[in-house]
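Scroll down for the structure; my scribbles are underneath it.
Computed from a predicted structure; not experimentally measured.
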Amino acid sequence: MPIKVFHTRTRKKEVFQPLQEGKVGIYVCGITAYDVCHIGHARAAVVFDVVVRHLRSRGYQVTYVKNFTDIDDKIILRAQKEGVNFSEISERFINLHNEDMTALGVETPSITPKATEHMDDMISLIKILMEKGYAYAVDGDVYFAVNNFPQYGRLSGRNLDEMQAGARVDVNDRKKNPMDFALWKASKEGEPFWDSPWGPGRPGWHIECSAMSRRYLGETFDIHGGGEDLIFPHHENEIAQSQAASGKPLANYWMHNGFVKVDSEKMSKSLGNIFPIREILKNYHPEVLRLFMLQSHYRSPVDYSTSSLNEARTGLIRCYSTLQQLKEILEASTGNEMQSVKNKSQVKQEEYVNRLNELMEKFDTALDDDFNTAQALGYVFDAVRLFNNFVAGGKNIIAAGQSAVLPEAKKAFGHFGAVLGIFQDDPDHFFQIDKEMETRKRGLDVAEIENLIKDRQAARNAREWTRADEIRGKLASLNVVLKDSKDKTIWSIE
RNA sequence: GGCGGCAUAGCCAAGUGGCUAAGGCAGCGGUCUGCAAAACCGUUAUUCUCCGGUUCAAGUCCGGAUGCCGCCUCCA
């Protein structure tokens with residue numbers, strides 16, 4: 001079963017064929033380090049994290065490059081506002097970014113190059129473009145001449161005439177064509193600069209990615225990714241620069257993730273509806289955010305809201321309850337003396353094992369089909385129900401610790417979790433974190449809750465049901481839900 | 001103005017020509033339980049915004065209408 005990838009240029013799913021057998025080179029545009037990352041950045045990171053995880057689980061050796069733009073107008077602006085060096089700003093936000101990614105369980109890419117560390121690469125690339133007649137210098141600026149690159153606009157499905165008709169670009173006398181874009185910008189007074197054949201200045205945004213992908217992945221590589229807003233102009237310009245220089249295709253597949261929206265609108269500073277990752281992670285376990293995103297297809301827009309996040313939380317709790325159950329059974333069964341099991345259910349057990357295997361295959365196949373995480377999660381939940389069903393009907397078998405279903409379930413959930421980057425927490429720890437966050441959000445006092453539970457337990461032991469129910473009712477009004485089992489009472493926040 | 005995307009149950013969301021339209025959340029009935037909760041079992045879209053067309057067969061392809069969204073400016 002081949003892997004299929006939706007290619008932005010052809011707008012079709014295509015069979016993925018890497019340049020080199022068994023190896024994949026992928027480049028994804030990273031952040032501009034001038035502010036904290038929001039859930040939009042989180043989505044892009046999680047999407048490509050899963051892409052890479054799946055490719056690896058399918059046996060590919062993946063080189064994943066994700067850059068940092070650490071020199072840029074917005075960084076300079078912020079540095080000037082704060083009266084610090086630009087690098088202080090970029091370093092600060094790169095560090096915060098890395099913290100957020102770690103918290104989200106996003107694996108660190110193979111290579112994370114920074115623009116400022118690749119000045120030579122950029123300058124030599126611009127030189128090539130000058131020599132080949134694709135670029136021209138004016139007063140210390142260097143521009144790319146889009147008219148000299150006939151394929152300009154192919155990725156985004158536009159042509160120069162259309163774009164100029166509705167152009168909203170600044171009129172700039174120095175450009176030959178209003179669509180020409182800067183490869184090198186002459187530095188203004190007080191701005192950071194690097195020396196170049198065209199005078200002191202700094203690189204344009206687009207040339208960074210062309211230079212860094214070229215350095216680490218070569219002139220042509222397999223997959224280039226990023227948010228859908230980067231298709232034009234950023235990726236179009238990257239293609240123009242790289243292909244003009246090398247005469248070869250830049251990337252064989254272009255993948256773009258959809259946006260995170262809020263109230264059906266794009267997040268933007270002007271609307272004031274930006275949600276930083278670190279703010280959300282104060283209130284939700286990071287895997288809740290991952291699950292929320294992975295429940296939709298990566299190319300569709302997702303609408304962020306507290307209620308959809310809460311739904312994802314409930315779904316994740318369902319999974320972790322099962323994982324906890326599995327963990328407890330496995331722990332209880334180790335060290336116990338093996339009892340002989342009545343073989344009555346042996347056939348049934350084989351069926352459970354087979355069905356788990358089948359779900360694992362379906363899961364992988366779903367991801368093969370353009371990384372359909374939503375469908376894959378459907379199979380994960382099927383496995384949850386299947387295992388719960390097994391537990392509900394097979395207590396005596398489990399007690400013996402002999403069931404072949406147990407290691408199989410462990411393997412299945414381990415696989416699902418490893419590829420999607422969820423189920424990485426210990427179940428008990430997960431519930432503890434969840435409880436802490438929920439009680440804090442609601443301003444509840446844990447000690448008080450636990451005292452009430454003790455009182456209720458005392459009432460229950462005395463078979464004073466009315467009193468016990470009264471206490472439970474009181475707790476319920478605080479959104480505290482109780483779960484009684486034989487020897488203990490577990491509580492959680494609804 | 002130009003280019004593109006989306007429209008599936010109360011909500012979220014898979015599905016890209018063919019068996020009974022995944023899954024999650026919410027709801028309802030049953031089992032379990034002192035009663036609950038959780039879990040399990042069952043149940044909740046004769047139908048996929050609307051109107052035409054192609055086809056033996058369409059949520060899925062084509063044309064049109066309506067509504068929502070994105071890109072064309074920095075943006076994941």
Side-chain angles (χ1 to χ4, degrees), chain A residues 4 6 8 11-13 28-32 34-35 37-48 72-74 77 153 156-159 161-170 179 205 225-234 236 256-261 264-269 291-292 295-297 299-303 305 307-308 310-319 321-322 325 362 366 369-370 372-382 384-385 387-393 460 463-466 468-469 472-473 476 480-485 489-492 494:
Chain A
K4 286 187 186 169
F6 185 91
T8 300
R11 297 204 169 84
K12 281 190 182 107
K13 281 184 204 167
V28 175
C29 293
I31 58 152
T32 298
Y34 76 104
D35 208 343
C37 291
H38 52 67
I39 46 179
H41 298 110
R43 186 175 193 201
V46 168
V47 163
F48 288 103
D72 159 273
D73 288 347
K74 290 186 293 292
L77 193 71
S156 52
R158 306 153 200 256
N159 63 58
D161 294 339
E162 279 166 12
M163 287 189 272
Q164 281 166 39
R168 284 199 258 158
V169 286
D170 292 335
M179 299 307 295
W205 173 38
E228 64 178 0
D229 55 329
L230 298 181
I231 297 171
F232 189 90
H234 184 55
E236 205 70 76
H256 293 93
N257 66 277
F259 264 64
V260 177
K261 300 195 295 179
S264 302
E265 285 186 308
K266 184 174 169 174
M267 281 194 301
S268 72
K269 292 223 157 156
L291 187 70
F292 161 68
Q295 269 176 326
S296 302
H297 189 96
R299 282 186 274 118
S300 311
V302 293
D303 211 349
S305 67
S307 63
S308 48
N310 284 335
E311 280 179 18
R313 171 183 170 249
T314 313
L316 192 61
I317 286 173
R318 179 172 160 80
C319 296
S321 301
T322 296
Q325 178 91 268
K362 284 183 170 177
D369 185 15
D370 194 30
N372 193 335
T373 55
Q375 194 174 62
L377 274 167
Y379 298 127
V380 173
F381 280 101
D382 283 344
V384 167
R385 190 182 312 104
F387 184 74
N388 287 342
N389 178 285
F390 166 73
V391 173
R460 290 183 75 213
R463 305 186 78 80
E464 291 171 15
W465 306 124
T466 319
D469 290 351
R472 186 172 61 196
V480 176
V481 181
L482 305 181
K483 212 195 283 190
D484 295 328
S485 60
T489 295
I490 298 171
W491 63 278
S492 62
E494 197 164 45

Could you work out the separation of [N] and [M] based on their [atom1] atoms and round it to a whole Å?
N     : M     : atom1 : value
B:U73 : B:G10 : C1'   : 40 Å
B:U46 : B:G34 : C1'   : 45 Å
B:C19 : B:G1  : C1'   : 49 Å
B:C72 : B:G63 : C1'   : 27 Å
B:A13 : B:G4  : C1'   : 23 Å
B:C41 : B:C32 : C1'   : 11 Å
B:G59 : B:A9  : P     : 15 Å
B:A58 : B:U47 : P     : 15 Å

Take the protein atom [atom1] of [X] and the nucleotide atom [atom2] of [N], then report the distance between them rounded to whole Å.
X      : N     : atom1 : atom2 : answer
A:K261 : B:C6  : NZ    : P     : 12 Å
A:L230 : B:G70 : CG    : P     : 16 Å
A:D229 : B:A76 : CG    : P     : 6 Å
A:K266 : B:G5  : NZ    : P     : 18 Å
A:I490 : B:A36 : CD1   : C1'   : 15 Å
A:E236 : B:G4  : CD    : P     : 14 Å
A:E494 : B:A38 : CD    : C1'   : 12 Å

Show me the protein contacts with nucleotides 29-31 of chain B, counting only N or O atoms at under 3.5 Å.
none

Considering all heavy atoms of both residues, which atom of A:L291 and which atom of A:A312 are nearest to each other, and what is their separation?
CD2-O, 3.3 Å

Sequence-aligned protein contact record of nucleotides 10-26 of chain B, with B where the base is within under 4.0 Å of a protein heavy atom and S where only the sugar-phosphate is
---SSSB-----BSBSS

So A:G227, base contact, sugar-phosphate only, or nothing? Heavy-atom distance under 4.0 Å.
sugar-phosphate

Any strand is fair game: report the nucleotide pairing with B:C68 by Watson-Crick or G-U wobble, both distances under 3.5 Å, or none.
B:G5

Any strand counts, and the cut-off is 3.5 Å on both contacts for Watson-Crick or G-U wobble. Which nucleotide pairs with B:G63?
B:C51

May I ask you to decide if A:N310's main-chain N or O and A:T314's side chain share a donor-acceptor pair within less than 3.5 Å?
yes

Can you tell me if A:Q375 uses its side chain to pair, donor with acceptor, with the backbone of A:A366 under 3.5 Å?
no

Considering residues at least two apart in sequence or located in another chain, which fulfil the ring pair (Phe, Tyr, Trp, His ring centres under 6.0 Å) criterion with A:H297?
none

Side chains of A:T489 and A:D484, donor plus acceptor under 3.5 Å:
yes

Is the NZ or CZ atom of A:R318 positioned over A:F381's six-membered ring, under 6.0 angstrom from the centre and within 45° of the axis?
no

Mind running salt bridge (Lys or Arg N to Asp or Glu O under 4.0 Å) on A:K266 and A:D229 for me, showing each step along the way?
CA-CA 11 Å; A:K266 184 174 169 174; A:D229 55 329; 5.1 Å; no

Is A:S492 close to A:K483 at the side-chain level, that is, under 4.5 Å between some pair of heavy atoms?
no

